[in-house]
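To start, the structure under review is shown below, and the notes come after it.
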Amino acid sequence: MAGTRDEGTMTLQSIFADLHIHIGRTKNNLPVKITAARNMTFDQIIRESYHRKGLQMIGIIDAHSPPVQYEILEGLQSGLFREHPDGGIVYQHTTCILGTEIEIKEPGMGACHVLVFLPTLSHMISFTEWLAKYMKNVQLSTQRLYRPVSALQEKVMELEGLIIPAHVFTPFKSVYGSATDRLSQLFDTDCVAGVELGLSSDSDLADCLSELHSFTFVTNSDAHSIPKIGREYNELWVKEASFQELMRALMRQDGRKVVANYGLNPRLGKYYRTRCLKCEELWPIDPEVTRCPYCGSEKQVKGVRDRIMELADQEMSHPDHRPPYIHQVPLEYIPKLGKKMLEKLLEAFGTEMNILHHASLEDIAKVANEQIAYHIGLAREQRLEFEEGGGGTYGKVKQAKNT
């Protein structure tokens with residue numbers, strides 16, 4: 001954790017939170033998120049987040065699934081987990097906020113995904129009972145809800161929950177990427193607790209849309225595998241890691257707030273640039289170009305940056321409450337840092353957060369080598385260079401020479 005400070009008589013602390021992590025399977029091998037790794041169980045995720053990632057808060061986005069709820073109940077009964085009095089499931093010093101990702105679709109619009117977080121397991125079980133009436137398979141992740149968005153918002157408010165539109169600019173299943181041109185055409189914005197930016201955007205890009213200025217931005221991993229946990233995360237000022245404190249931070253109440261967003265440089269995101277679907281070359285940065293200059297095809301996956309430029313109604317302008325957006329390069333992107341070397345670093349420094357933020361470069365060089373330490377230093381200073389991603393292919397960090 002980065003530190004503490006006093007807000008009147010209340011001591012607030014800095015915690016790291018990744019609020020979008022998927023479950024692949026249950027311990028009994030029942031499917032939950034089909035595209036997620038089989039070892040992404042509730043138990044494995046929360047252990048990894050505490051022991052190796054160094055996250056004090058996580059959001060598990062498939063807690064609506066009945067077999068997942070059964071595993072949580074088992075953990076509570078055995079004493080492995082405990083329920084926080086202000087909401088959340090606690091393991092050691094990491095609190096899991098229970099959430100779900102839902103697909104919604106209004107008439108005349110494309111489909112998009114939304115995150116819902118609820119205070120307690122009993123709230124989530126009640127929500128599952130409601131969802132089961134309007135979903136084809138409530139056991140699985142990210143299923144279509146056959147109800148109006150207004151009905152979803154009403155139910156979440158009734159259960160004292162939070163709604164956050166997910167990865168709002170990605171080309172597939174997002175508010176701006178596939179559903180509509182304005183968030184307010186889809187949601188009652190008074191019921192929206194925050195906006196998740198997604199891996200291919202950042203605050204500079206998102207704040208070109210004036211309708212987003214009032215919202216708190218969150219940056220999350222959307223992890224489908226263990227190594228991806230914590231590739232994007234948020235730094236919160238809160239009293240402790242709990243649902244109620246998260247809600248206050250999103251609403252910027254009583255000194256609680258998101259004080260920094262840590263996310264991939266958008267150039268590393270797999271949907272940053274527009275890419276030709278036929279020859280897979282990146283599309284030129286020119287709105288007048290309607291055909292791929294390399295093969296002549298008109299088929300493309302539109303990049304997040306280009307979509308935002310279409311929608312922008314102002315020059316980039318940050319509201320006063322907007323925290324810094326720190327371009328984070330996960331350790332898996334550092335050139336020549338393989339699994340064995342990562343294990344050595346974790347053995348020496350405890351967690352990935354310590355390696356990324358706190359360990360001295362001199363000490364890192366002693367455990368790994370000077371080249372790896374040099375690239376971690378460049379990452380901290382945001383001086384790395386990238387090959388841009390697009391069309392479903394992630395960008396890459398260019399290897400730099402330590403001169």
Side-chain angles (χ1 to χ4, degrees), residues 2 16 18 52-55 197-205 219-223 225-235 260-275 280-285 303-306 316 323-403:
F16 292 124
D18 177 359
R52 291 166 58 94
K53 299 296 181 178
L55 297 164
L197 296 184
L199 303 180
S200 299
S201 61
D202 61 10
S203 295
D204 284 352
L205 289 166
T219 43
N220 302 310
S221 68
D222 196 357
S225 65
I226 292 290
K228 296 294 191 288
I229 296 172
R231 63 179 169 180
E232 293 204 348
Y233 51 94
N234 312 275
E235 183 181 355
N261 297 114
Y262 289 85
L264 297 184
N265 186 304
R267 290 172 173 79
L268 288 173
K270 64 181 180 179
Y271 296 117
Y272 177 68
R273 289 280 302 277
T274 298
R275 188 182 290 271
E280 299 187 348
E281 291 288 341
L282 292 178
W283 213 271
I285 306 172
V304 165
R305 186 207 51 193
D306 297 330
M316 187 276 292
Y325 192 107
I326 298 166
H327 287 149
Q328 181 68 62
V329 177
L331 292 173
E332 66 175 302
Y333 284 88
I334 299 296
K336 306 299 184 182
L337 204 171
K339 290 183 178 180
K340 290 184 179 179
M341 185 59 71
L342 177 57
E343 290 297 329
K344 288 178 66 176
L345 289 169
L346 287 169
E347 184 177 342
F349 303 111
T351 68
E352 290 190 19
M353 293 298 116
N354 283 338
I355 299 166
L356 288 166
H357 296 287
H358 305 307
S360 73
L361 297 180
E362 182 181 359
D363 288 342
I364 291 172
K366 289 177 182 176
V367 175
N369 56 56
E370 288 191 2
Q371 193 69 8
I372 287 174
Y374 178 65
H375 280 90
I376 291 174
L378 291 179
R380 289 178 179 179
E381 297 169 6
Q382 301 189 44
R383 293 197 293 121
L384 288 170
E385 296 184 2
F386 309 100
E387 296 177 14
E388 294 176 336
T393 301
Y394 286 104
K396 296 180 181 179
V397 173
K398 292 182 180 180
Q399 188 165 345
K401 290 185 178 180
N402 186 0
T403 55

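Each residue takes its place number in the sequence, starting with 1. Keep in mind the model is a prediction, meaning the values are calculated, not measured.
Pairing each heavy atom of S201 with each of V304, the nearest pair is CB-CG1, 3.8 Å. Closest non-hydrogen pair, L378 versus A400, comes out as CD1-CB, 3.8 Å. Contact between I372 and P335 at its shortest, heavy atoms only, is CG1-O, 4.1 Å. Contact record, N265 with H327: ND2-ND1, 3.5 Å, taken as the closest heavy-atom pair. Nearest approach of K398 to F386, heavy atoms of both residues: CE-O, 3.4 Å. Closest approach of T274 to G303, counting heavy atoms only: OG1-N, 2.8 Å.
Checking side-chain atoms of R273 against main-chain N and O of W283 turns up a donor-acceptor pair under 3.5 Å. At distances below 3.5 Å, at least one donor-acceptor pair connects side-chain atoms of E232 with backbone N or O atoms of L264. Not one N or O on the side chain of H375 forms a donor-acceptor pair closer than 3.5 Å with the backbone of Q399. Under the 3.5 Å distance criterion, the side-chain polar atoms of N261 are left unmatched by any main-chain donor or acceptor of Y325. D18 places a side-chain N or O within donor-acceptor distance of the main-chain N or O of S221, the cut-off being under 3.5 Å. One N or O on the side chain of K53 and one on the backbone of P227 form a donor-acceptor pair closer than 3.5 Å.
The one candidate from L342, L345, I229 that meets the side chain to side chain contact (heavy atoms under 4.5 Å, CB included) condition with E352 is L342.
Not counting sequence neighbours, the partners of E280 by the side chain to side chain contact (heavy atoms under 4.5 Å, CB included) test are R275.
Between D363 and F349, the closest side-chain pair of non-hydrogen atoms falls below 4.5 Å. Between I334 and V329, some side-chain heavy-atom pair lies under the 4.5 Å cut-off.
Atom CD1 of I376 and atom CG of L331 lie 5.5 Å apart (nearest 0.5 Å). L337 CG to Q371 CD: the interatomic distance, rounded to the nearest 0.5 Å, is 11.5 Å. Rounding to the nearest 0.5 Å places CZ of R231 at 4.0 Å from OH of Y394. Within the model, atoms CG of L268 and CD of E388 stand 10.0 Å from one another, a figure rounded to the nearest 0.5 Å. With values rounded to the nearest 0.5 angstrom, R305 atom CZ is found 11.0 Å from S200 atom OG. How far CD of Q328 is from CZ of R380: 9.5 Å, rounded to the nearest 0.5 Å.
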**OP:** Please lay out, stage by stage, how D202 and T219 fare under the test side-chain contact (heavy atoms from CB on, under 4.5 Å).
**Re:** CA-CA 8 Å; D202 61 10; T219 43; over 6 Å; no
Subject >> Pair Y272-L205, side-chain contact (heavy atoms from CB on, under 4.5 Å): steps then yes or no >> reply: CA-CA 11 Å; Y272 177 68; L205 289 166; 4.3 Å; yes
**OP:** Quick one: do T351 and L356 satisfy side-chain contact (heavy atoms from CB on, under 4.5 Å)? Show the steps, please.
**Re:** CA-CA 9 Å; T351 68; L356 288 166; over 6 Å; no
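Residue pairs meeting the side-chain hydrogen bond (donor to acceptor under 3.5 Å, both in side chains) criterion with at least one partner in residues 334-349, sequence neighbours excluded, are R52-E343.
For E370, the CD atom sits in a loose shell: 12 or fewer heavy atoms of surrounding residues, nucleotides or ligands are nearer than 6.0 Å.
Note: H357 and Y262 meet the aromatic proximity criterion, with ring centroids under 6.0 Å apart.
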